[in-house]
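Lettering of chains follows the sequences in order, A, B, ..., and the numbering in each one begins at 1. Quantities reported herein were computed from a predicted structural model and do not represent experimental measurements.
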2 protein chains.
Amino acid sequence: MNILSHSEENYLKHIYHIAGKERNKVATNSLAERLETKASSITDMLKKLKEKELIEYEKYKGCGLTDLGENIAIQIIRKHRIWETFLVNELNFKWDEVHDIAEQLEHIQSQELIDRIDAFLGFPKFDPHGDPIPNKQGKIEYRELKINLSEAKEDVNYEIVSVNEDSLALLRYLDDNKIGLGSEILILERYDFDNSLKVKIKGKKTINLSEKVTSCIGVRPM
Amino acid sequence: MNILSHSEENYLKHIYHIAGKERNKVATNSLAERLETKASSITDMLKKLKEKELIEYEKYKGCGLTDLGENIAIQIIRKHRIWETFLVNELNFKWDEVHDIAEQLEHIQSQELIDRIDAFLGFPKFDPHGDPIPNKQGKIEYRELKINLSEAKEDVNYEIVSVNEDSLALLRYLDDNKIGLGSEILILERYDFDNSLKVKIKGKKTINLSEKVTSCIGVRPM
DNA sequence: ATTACTTTTTAGGCAAGCCTAAATTTATTT
DNA sequence: AAATAAATTTAGGCTTGCCTAAAAAGTAAT
Ligand SMILES: [Mn+2]
Ligand SMILES: [Mn+2]
Ligand SMILES: [Mn+2]
Ligand SMILES: [Mn+2]
């Protein structure tokens, strides 16, 4: 496999994320939206990635990663999350400051480098946003019992274990309201009208959270 | 100043290095050789860099950095040397393994990142090859009394303080012969025929060094 | 000063990665 | 089923950064 351009690597990574665990077919427009490019540009690149056997693609039918493409995507995600962990744990960046820098660092070409940083950090299992870090072999250990706060039950104590990492505004919002990974959270009330929740963060005041927010928070029963 | 491409940054850096402390005019061909591209490509880029006021350039007369261009070049060199120091000091890479990785890392866009790594390392003054690390303001403190081993005198004890960083073959050669930064070196004999030197490294055997080698080694009297 | 050689620039072209506008295919309504 | 709407692809173009071949300018030798 030849070296891939930053652009090609990004396409693979985003296809992986959009496809999700169920490996759904990825529509041209969903990629265009996520990459903030026009659909016609996506089509161009999909042809190229297919040519390189990194994706499966049929005109008008969407695309999906091949095994090769998926392995590469996972390695990029591994690099992204290890760098984020390094920035937060070692350089004292805040969790909302690291994503953009990691977007650049994830494209540094050196297996040895990322493995040494991994070791330097003590082989962390999760990044600062609670997302699992794939190991060198590409194996990902997902957090067990994790659900979205939006689907959680009342009167059960949960621990916050992850957030949608890419949303800077969300991270700032949570910081501002003293909500973070490890926070203990209890749903006091679910408002059917807009699916918002009144919750109690242990040791803090109660707060109302919109569905937009709760659907981005991963929790696990304690 | 808009963000520069990797390519533009590299041109500035190499112009800086070729021009040297004397800020000599840089010929098109010398850049072409160093960047391993064709002279015509160089001409193209010089026009663009001049347009952006990063270099002074007149047809057939060579080019030189403007203050703006020099500042940017120095910041890239700062990043390169800080990353090399990080790789060697913190991740235990060897001094001959870090240059290529630093060539990539030097283009990461984040003032905050490089300043934090600088702090993390304790604001090192020199990189693993003995080259001075410019500070945040772009000030470079050169090693005093430093001369090339090729110009050093007999019967004076010197300490090795730097090597030409980019030559991988040189670094391997020195490693192989147990010569490194900090080694104490004494010239036993200078052979006029080829300007080679017979030297004694303290605590090691004597060895003959070609002028090619000695001209790449920076030393300081002890 | 003319010739020969070297260096540099110009002209024209190519791949990557994007764009707009138009055409085509697929999906949804009537 | 036909009409309409939405999604996707094609066609043609642009910029960046490179290339080769040819022209022009500068330099050195006769
Ligand atoms: Mn991220
Ligand atoms: Mn993350
Ligand atoms: Mn280097
Ligand atoms: Mn160095």
Side-chain angles (χ1 to χ4, degrees), chain A residues 1-16 18-20 24-65 69 72-73 76 103-104 106-109, chain B residues 1-16 18-19 24-65 69 72-73 76 103-104 106-107 109:
Chain A
M1 184 75 255
N2 276 326
I3 266 176
L4 300 180
S5 68
H6 287 200
S7 195
E8 290 169 325
E9 288 192 346
N10 277 330
Y11 272 78
L12 296 180
K13 180 182 65 171
H14 286 289
I15 291 169
Y16 179 89
I18 296 172
N24 296 315
K25 276 282 173 65
V26 171
T28 301
N29 270 355
S30 58
L31 266 171
E33 196 180 342
R34 212 181 148 103
L35 289 165
E36 295 181 281
T37 55
K38 300 297 167 175
S40 54
S41 306
I42 303 294
T43 304
D44 285 351
M45 183 61 97
L46 294 185
K47 286 179 192 164
K48 217 186 318 172
L49 294 176
K50 181 186 180 176
E51 195 54 44
K52 295 189 179 186
E53 298 186 53
L54 296 164
I55 63 169
E56 277 145 25
Y57 167 60
E58 275 180 287
K59 270 165 69 159
Y60 297 102
K61 300 281 171 67
C63 71
L65 296 172
I72 293 172
I76 295 161
E103 286 288 300
Q104 299 179 63
E106 72 189 6
H107 300 292
I108 301 292
Q109 299 285 353
Chain B
M1 184 75 256
N2 276 325
I3 265 176
L4 301 180
S5 68
H6 287 200
S7 195
E8 289 169 324
E9 288 192 345
N10 277 331
Y11 272 78
L12 295 180
K13 180 183 66 170
H14 287 289
I15 291 169
Y16 180 89
I18 296 171
N24 297 314
K25 277 280 173 64
V26 172
T28 300
N29 269 354
S30 58
L31 266 171
E33 196 179 342
R34 215 182 145 101
L35 289 164
E36 294 180 282
T37 54
K38 301 296 167 176
S40 54
S41 306
I42 303 294
T43 304
D44 286 350
M45 183 62 97
L46 293 185
K47 286 180 193 164
K48 216 186 319 173
L49 294 175
K50 182 186 181 175
E51 195 56 44
K52 295 189 179 185
E53 299 185 55
L54 296 164
I55 64 168
E56 278 145 24
Y57 167 61
E58 275 181 288
K59 270 163 71 161
Y60 296 102
K61 299 282 173 65
C63 70
L65 296 172
I72 294 172
I76 295 160
E103 287 287 302
Q104 299 179 64
E106 71 189 6
H107 300 293
Q109 299 285 353

**OP:** Check every atom of dT8(D), dT16(D), dT10(D) against the side chain of K48(B) and return the nucleotide holding the closest atom.
**Re:** dT16(D)

Original post:
Heavy atoms under 4.0 Å, any strand shown: does T43(B) hit a base, just sugar-phosphate, or nothing?
Top reply: base

**OP:** For Q104(B) and Q104(A), test the side chains for any donor-to-acceptor distance below 3.5 angstrom and give the result as yes or no.
**Re:** no

**OP:** Dump the intermediate steps for side chain to side chain contact (heavy atoms under 4.5 Å, CB included) on K13(B) and N10(B), then the final yes or no.
**Re:** CA-CA 5 Å; K13(B) 180 183 66 170; N10(B) 277 331; 3.6 Å; yes

**OP:** For K47(A) and dT9(D), give me the distance from atom NZ to atom C1', rounded to whole Å.
**Re:** 7 Å

**OP:** Take the protein atom CD of E33(B) and the nucleotide atom P of dT8(C), then report the distance between them rounded to whole Å.
**Re:** 11 Å

**OP:** Would you kindly give the CD-to-C1' distance between E8(A) and dA15(C), to the nearest whole Å?
**Re:** 12 Å

Original post:
Over how many whole Å does the gap from L31(B) atom CG to dT8(C) atom P extend?
Top reply: 10 Å

Between the protein and nucleotides 19-22 of chain D, list the N/O to N/O atom pairs that are separated by less than 3.5 angstrom.
from    : atom 1 : to     : atom 2 : distance (Å)
dC19(D) : OP2    : K38(B) : N      : 2.9
dC19(D) : OP2    : S41(B) : OG     : 2.7
dT20(D) : O4     : S40(B) : OG     : 2.8

Original post:
Expressed in angstrom and rounded to an integer, what is the separation of I42(A) atom CD1 from dA6(D) atom C1'?
Top reply: 17 Å

Subject >> side chain to side chain contact (heavy atoms under 4.5 Å, CB included) between I18(B) and N24(B), intermediate numbers included >> reply: CA-CA 8 Å; I18(B) 296 171; N24(B) 297 314; over 6 Å; no

Original post:
Is the side chain of E8(A) donor-acceptor paired with the backbone N or O of S5(A) at a distance under 3.5 Å, no angle test?
Top reply: yes

Original post:
Got a sec? Which of residues 51-64 of chain B come in under 4.0 Å of DNA chain C, heavy atoms?
Top reply: Y57(B), K59(B), Y60(B)

Original post:
Rounded to the Å, how far apart are H6(B) NE2 and dC18(D) P?
Top reply: 13 Å

Original post:
Taking only side-chain nitrogens and oxygens of S5(A), does any of them come within less than 4.0 Å of OP1 or OP2 of dG17(C)?
Top reply: yes

**OP:** Could you check how far CG of L46(A) sits from C1' of dT9(D), rounded to whole Å?
**Re:** 11 Å

**OP:** Tell me, with the steps shown, if T43(B) and Y57(B) meet side chain to side chain contact (heavy atoms under 4.5 Å, CB included).
**Re:** CA-CA 10 Å; T43(B) 304; Y57(B) 167 61; 3.8 Å; yes

Original post:
Taking atom CD1 of I55(A) and atom NZ of K48(A), what is their separation to the nearest 0.5 Å?
Top reply: 11.0 Å

**OP:** Identify the residue among L4(B), V26(B), I42(B), L54(B) that makes a side-chain contact (heavy atoms from CB on, under 4.5 Å) with Y11(B).
**Re:** I42(B)

Original post:
Below 4.0 angstrom from OP1 or OP2 of dT8(D), is there any side-chain N or O of N29(A)?
Top reply: yes

Subject >> Length of the CE-P vector between M45(B) and dT10(C), whole Å >> reply: 16 Å

Original post:
How far apart are the closest heavy atoms of A73(B) and L65(B), and which atoms are they?
Top reply: CB-CD1, 4.0 Å

**OP:** Look at the aromatic rings of H6(A) and H6(B) and report parallel, tilted or perpendicular, splitting at 30° and 60°.
**Re:** perpendicular

